[in-house]
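Below: the structure, in structure tokens.
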There are 2 protein chains.
Amino acid sequence: MKRKITLKHIARELEVSISTVSKALKNSDEISRDTKDKVQAFAKLYNYKPNNIAISLKNKRTKNIGVIIPDIVHHFFTTVFRGIEKYANKRGYNVIVCVSDESFDKEVINMEMLANGSIDGFIMSLSAETQAKNDFNHLKEVTEQGIPLVLFDRVTDEILCDKVILNDREIAYEAVDSFIKAGRKKIALITTESYFNVSISRAKGYEEALLANNIDLNDDLVIVLPYDNLDEKQIGDFFKDNDIDAVLCVNEIFAIHCMGMAQKLGFKVPEDIAFIGFTDGILSKYSKPRLTTVAQHGDKMGELSAEMLIDRVENESEETEEVFRTEVIEATLIKRESTIN
Amino acid sequence: MKRKITLKHIARELEVSISTVSKALKNSDEISRDTKDKVQAFAKLYNYKPNNIAISLKNKRTKNIGVIIPDIVHHFFTTVFRGIEKYANKRGYNVIVCVSDESFDKEVINMEMLANGSIDGFIMSLSAETQAKNDFNHLKEVTEQGIPLVLFDRVTDEILCDKVILNDREIAYEAVDSFIKAGRKKIALITTESYFNVSISRAKGYEEALLANNIDLNDDLVIVLPYDNLDEKQIGDFFKDNDIDAVLCVNEIFAIHCMGMAQKLGFKVPEDIAFIGFTDGILSKYSKPRLTTVAQHGDKMGELSAEMLIDRVENESEETEEVFRTEVIEATLIKRESTIN
DNA sequence: AGATACTACGAAACCGTTTTCGTGTTAATA
DNA sequence: TATTAACACGAAAACGGTTTCGTAGTATCT
């Protein structure tokens, strides 16, 4: 077992000082050609690689970024993560992932674990609990320490930092508008608890589209479901008790699930009821009928988040008045069979 | 912006030495009650937290583990990752993830990035390209340096290290046997290129089950599909040209895809053809009919991998002759509608 | 009173780098 | 020949901790 070799070893072996070795490996012109050759050859022979930790300590830069997401087994977050990882790697950064599991406490613990030198900056999406509690002190502490932070998708106005969001309102408007253009008028919205900022935006787009088309809002056509543990009966009743010809769902699971329930009740999709869901995941592509969805372009969101974070990390020098950006990713409507008639 | 406070700051402020501060914070009984109180109060007031990087350098332990997986947007790997992250966090470790994207080169680069001090050990699953090339020098180098390594699922005999695998052969046997017990005899296998160790095992289980039931092997009933970019025609022809009443697919996408194609051709599932797939992902739960699958218990696999890795990391002291373990996770057959008749 | 033993703390080494600054040697210049 | 400049290198500090060891001062014991 050949242990890692250090500058000290090389120095001792070659009977020069550590500083000389360090400089020689960096091709400093303070060092003679001869010495450089000797050192470089030796280093290559023994496969010397500088110790990242030591460099991090010296530079106060880890080249690691911390990502905290509510859930990893979830298509949207997974694609965002993939975008982050891809971009970060390209710029020589590694990614440390923590999963908050939608829990406020875990989010706090994870941030604290990472905030003590392990990472140069955070990319995160708020947990459900954090949004419900409306408590962002852990984020404040981090930003006050000067650690760059980028929030994506589930963001909050309470924190000043860079953000990357989806044009949720506009795309929901567009989706509902497309229903109306196709001659549908009894349009339902299936959403989550309102503390999700994205749900609020999507609901707003839904309402605006209806109003713009002179359709009255009808509270009966809006149903709020828990994030998990869907109640079959509640959904079934919703379809039975209301006269509905189109449904916008704020996520993919809701859409697939509700579409399934509606079909079970005898409704034809899209003839009787059309469906559009958010998140263009794998379920939408393989469902029957294939589901029309809002593609959130998680990859792009992740890449952009990583770019914004790394740029800020690397330019923290310019202590100009910090001016934060909020970038908007344009969602697109992927039309499939659940809306064609 | 309050910058991070260090031992040095506290020492200077309280007019004691750095060593005293360090010991006081660790409640050393070398330090008087008075001094300890003073230091601890001050530290709490200014929210002192030791710098992880400095500790890592000193201890030669980062409390980070590196995870390299071929793909993150893939249910099985995602659940394994979740298991790893959950367990690792419980033991105070963070997880750095790199995605090899099924590429040999990326796998190598990622390993090298992490092997220079960033992590205490690796958990990985081989990329398709690595398995095809059969080149494992990057793994050898890492293990020779004494960095613990755990391989899961896609493993190789070429490398001596801890491993966590699925009882692929046995569960494939069980699946095929269940087809036969249900009266089916014309059983197809839809698999991937044979350099995947798991595909080989599954094929073996398939064959053994047939032979054990006195059914002759028929090469026509075994089809090899590329990992992505499925060819509709090829699959359609497969069902048209052969007389098939049951299909075992080595992954979920193949299963869903092929089941869809078969239905499109007019076959009834499960009446005409029954399907079983590997990976109990979200597709299987929402498909029509719902798909019978082999649950690989990725979470458990991840947890076990992390446990084995961390145990080894923390016991590297006991330089006993290294004896490596290969643990087997028992897959289970989740029976759903695609096999009930 | 002198030897001994605690107590409470500080100096310094160490982890593995980078980087500044100082210096001995040689070569070029006045 | 004395001065200066260039060259090639090493010592040491620094990053932020931990830990070993040495010691001044006081308390205890004979």
Side-chain angles (χ1 to χ4, degrees), chain A residues 3-40 42-43 46-64 114-120 145-147 316, chain B residues 3-40 42-43 46-64 114-120 145-147 316:
Chain A
R3 270 254 152 264
K4 268 280 165 210
I5 192 177
T6 70
L7 289 186
K8 197 195 273 193
H9 296 134
I10 303 184
R12 190 152 27 200
E13 211 62 32
L14 264 38
E15 299 185 301
V16 292
S17 75
I18 293 178
S19 356
T20 301
V21 176
S22 175
K23 291 171 193 165
L25 291 175
K26 300 193 119 47
N27 242 312
S28 157
D29 46 29
E30 235 179 286
I31 305 296
S32 72
R33 192 65 266 164
D34 270 15
T35 309
K36 282 198 276 194
D37 288 347
K38 210 171 50 176
V39 171
Q40 288 171 6
F42 190 92
Y46 286 94
N47 192 29
Y48 169 79
K49 293 278 167 49
N51 179 308
N52 286 333
I53 299 292
I55 292 180
S56 295
L57 182 59
K58 187 91 237 284
N59 297 348
K60 293 162 153 266
R61 283 282 163 75
T62 61
K63 291 228 147 201
N64 286 155
L114 297 181
N116 300 112
S118 299
I119 51 98
D120 296 340
Q145 276 176 34
I147 303 179
E316 74 164 6
Chain B
R3 271 257 153 262
K4 268 279 163 211
I5 193 178
T6 70
L7 288 187
K8 196 195 276 193
H9 296 135
I10 304 184
R12 191 154 25 202
E13 211 64 31
L14 264 38
E15 298 185 302
V16 292
S17 75
I18 293 179
S19 357
T20 301
V21 177
S22 175
K23 290 172 194 164
L25 291 174
K26 299 192 119 46
N27 241 313
S28 159
D29 46 28
E30 235 179 287
I31 305 296
S32 71
R33 192 64 265 166
D34 271 14
T35 308
K36 283 198 276 193
D37 288 347
K38 209 171 51 174
V39 171
Q40 289 171 5
F42 189 93
Y46 286 95
N47 192 29
Y48 169 79
K49 294 278 165 51
N51 179 308
N52 285 333
I53 298 293
I55 292 179
S56 294
L57 182 59
K58 183 90 233 274
N59 297 348
K60 292 160 155 270
R61 283 280 164 75
T62 60
K63 292 228 147 201
N64 286 154
L114 296 181
N116 301 112
S118 299
I119 51 98
D120 296 340
Q145 278 175 34
I147 302 179
E316 75 165 4

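Residue numbers begin at 1 in each chain, while the letters A, B, ... track the order of the sequences.
With C:dT18, D:dG17, C:dG16 as the choices, the nucleotide that has an atom nearest any side-chain atom of B:N51 turns out to be D:dG17. When the nucleotides D:dT18, D:dG17, C:dG16 are ranked by their closest atom to the side chain of B:K26, D:dT18 comes out on top. Out of C:dT20, C:dT17, C:dC9, the shortest distance to the side chain of A:I18 is found at C:dT17.
Across all strands shown, B:T35 has heavy atoms under 4.0 Å from sugar-phosphate atoms exclusively, and none from any base. Within the nucleic acid shown, A:T6 comes within 4.0 Å of sugar-phosphate atoms alone, with no base atom in reach, counting heavy atoms only. Backbone-only engagement by B:S32 is indicated by non-hydrogen atom pairs under 4.0 Å involving sugar-phosphate atoms exclusively. Across all strands shown, B:K23 has heavy atoms under 4.0 Å from base atoms, whether or not it also approaches the sugar-phosphate.
Taking the side chain as every heavy atom from C-beta outward, A:Y48 and A:L25 approach each other to under 4.5 Å.
Under a cut-off of 6.0 angstrom, the local environment of CD in B:E13 is sparse, with at most 12 non-hydrogen atoms contributed by other residues, nucleotides or ligands.
Here D:dA14 presents its P atom at 21 Å from CZ of A:R61, a figure rounded to the nearest Å. Across the protein-nucleic acid pair, A:K49 atom NZ and C:dT17 atom C1' stand 16 Å apart, rounded to whole Å. A:I53 places its CD1 atom 23 Å from the P atom of D:dA14, with the value rounded to the nearest Å. Nucleotide C:dA8 holds its C1' atom 15 Å from the CG atom of B:N27, rounded to whole Å. In this structure, A:L57 places its CG atom 17 Å from P of D:dA13, rounding to the nearest Å. C:dC15 atom P lies 22 Å from atom NZ of B:K63, rounded to whole Å. Regarding A:N52, its CG atom lies at a distance of 21 Å from the P atom of D:dC15, rounded to whole Å. Between the CG atom of B:L7 and the P atom of C:dG10 there is a distance of 13 Å, rounded to whole Å.
Checked by distance alone, A:K58 brings a side-chain donor or acceptor within 3.5 Å of a matching partner on the base of C:dT18. Taking only distance into account, the side chain of A:K8 never meets the base of C:dT17 through a donor-acceptor pair shorter than 3.5 Å. Counting atom types as modelled, A:K60 pairs no side-chain N or O with a base atom of D:dG16 as donor and acceptor under 3.5 Å.
Residues A:H9 and A:K4 approach most closely at CE1-O, 3.9 Å, considering heavy atoms.
No donor-acceptor distance shorter than 3.5 angstrom exists from the side chain of A:K63 to the backbone of A:S56, with no hydrogens or angles considered.
In the model, B:S19 has no side-chain atom that pairs as donor or acceptor with a side-chain atom of B:S22 under 3.5 Å.
For A:T20, no side-chain nitrogen or oxygen approaches OP1 or OP2 of D:dC9 to under 4.0 Å. Close to C:dT18, at under 4.0 Å from its OP1 or OP2, lies a side-chain N or O of A:S22.
Nearest-nucleotide positions on DNA chain C for B:I31 and B:A54 put B:I31 closer to the 5' end. Along DNA chain C, the nucleotide nearest to B:D29 and the one nearest to B:N59 differ in position, and the one closer to the 5' end is contacted by B:D29.
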Could you walk me through whether A:R33 and A:D37 satisfy the salt bridge (charged side-chain N to carboxylate O under 4.0 Å, His left out) test, starting with their C-alpha distance in whole Å, then the side-chain angles of each, then the deciding distance to 0.1 Å, before giving a yes or no? CA-CA 6 Å; A:R33 192 65 266 164; A:D37 288 347; 3.1 Å; yes

